[in-house]
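Note sheet for the following structure.
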Amino acid sequence: QVQLVESGGGLVQAGGSLRLSCAASGSIFSIGAMGWYRQAPGKQRELVATITSGGSTNFGASVRGRFTISRDNAKKTVYLQMNSLKPEDTAVYYCNANILIGPLSNRSDYWGQGTQVTVSS
């Protein structure tokens with residue numbers, strides 16, 4: 001079994017910063033891309049940022065220049081540093097990882113349980 005456990009969400013004022021972490025554990029052979037998605041009430045889940053195992057990154061247009069993503073492969077952990085937060089960043093943030101559980105298995109996407117980020121104006 002594979003688990004993704006997020007931490008670091010909370011309440012922050014506009015202009016502030018938060019750092020999210022997501023640690024993968026369980027039967028893991030290798031991890032490919034990892035990333036963060038978010039879903040606000042009444043809206044579809046959207047891309048925030050992704051990072052490949054080699055460190056290449058991709059960001060959603062609304063967060064580019066304000067958020068950074070990084071990972072520690074040894075710790076099987078991905079981080080999201082969120083700066084200059086805006087009320088419209090309020091959402092549940094979900095961690096995602098593309099994981100191979102064995103050398104002959106297929107890669108599968110796994111999701112964390114989500115962590116709430118609330119930005120007050």
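All heavy atoms count here, side chains included; hydrogens, waters and symmetry mates do not. Along the sequence shown, the residues carry numbers beginning at 1.
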Measuring from atom CD of Gln81 to atom OG of Ser21, what distance do you get when rounded to the nearest 0.5 angstrom?
9.5 Å
Apply side-chain contact (heavy atoms from CB on, under 4.5 Å) to residues Asp89 and Arg38 and explain how you reach the verdict.
CA-CA 9 Å; Asp89 293 318; Arg38 69 186 183 187; 2.9 Å; yes
With a 4.5 Å cut-off on side-chain heavy-atom distances among I, L, V, M, F, W and Y, is there a chain of contacts connecting Val117 to Leu47?
no
Output for pair (Arg71 CZ, Ser53 OG), nearest 0.5 Å, gives 5.5 Å
List in chain and number order the residues that pass side chain to side chain contact (heavy atoms under 4.5 Å, CB included) with Ile28, two or more places apart in sequence or in another chain; answer none if no residue qualifies.
Val2, Ala24, Ile31, Lys76, Ile99
Hey, could you give me each pair passing ring-ring contact (aromatic ring centres under 6.0 Å, His included) that has a residue in residues 88-113? Not counting sequence neighbours.
Tyr37-Trp111
About how many Å separate OG1 of Thr50 and CG of Asn58, when rounded to the nearest 0.5 Å?
4.5 Å
Might you point out which heavy atoms bring Leu80 and Ile69 nearest each other, and give the distance in Å?
CD1-CB, 4.4 Å
Test side-chain contact (heavy atoms from CB on, under 4.5 Å) on Leu20 and Met82; report intermediate values, then the result.
CA-CA 8 Å; Leu20 305 183; Met82 304 184 291; 3.7 Å; yes
Step by step, would you call Thr68 with Tyr79 a side-chain contact (heavy atoms from CB on, under 4.5 Å)?
CA-CA 8 Å; Thr68 58; Tyr79 306 96; over 6 Å; no
Taking all non-hydrogen atoms of both residues, which atom of Glu6 and which atom of Gly112 are closest, and how far apart?
OE2-CA, 3.4 Å
Heavy-atom check, side chain of Phe67 versus side chain of Leu85, under 4.5 Å
yes
Do other residues, nucleotides or ligands put more than 12 heavy atoms under 6.0 Å from Gln113 CD?
yes
What's the shortest heavy-atom distance between Ser17 and Asn83, and which atoms?
OG-OD1, 2.9 Å
Please report the closest heavy-atom contact between Cys22 and Met34, naming both atoms and the distance.
O-CE, 4.5 Å
Following the transitive rule for hydrophobic clusters with a side-chain heavy-atom cut-off under 4.5 Å over Ile, Leu, Val, Met, Phe, Trp and Tyr, establish whether Ile101 and Val78 coincide in one cluster.
yes
Taking it one step at a time, do Phe59 and Ile51 satisfy side-chain contact (heavy atoms from CB on, under 4.5 Å)?
CA-CA 9 Å; Phe59 294 91; Ile51 183 168; over 6 Å; no
Heavy atoms only: give me the nearest Val119-Lys86 pair and the separation to one decimal.
CB-O, 3.2 Å
Between Leu4 and Ala97, what is the shortest heavy-atom contact and its length?
CD1-N, 3.8 Å
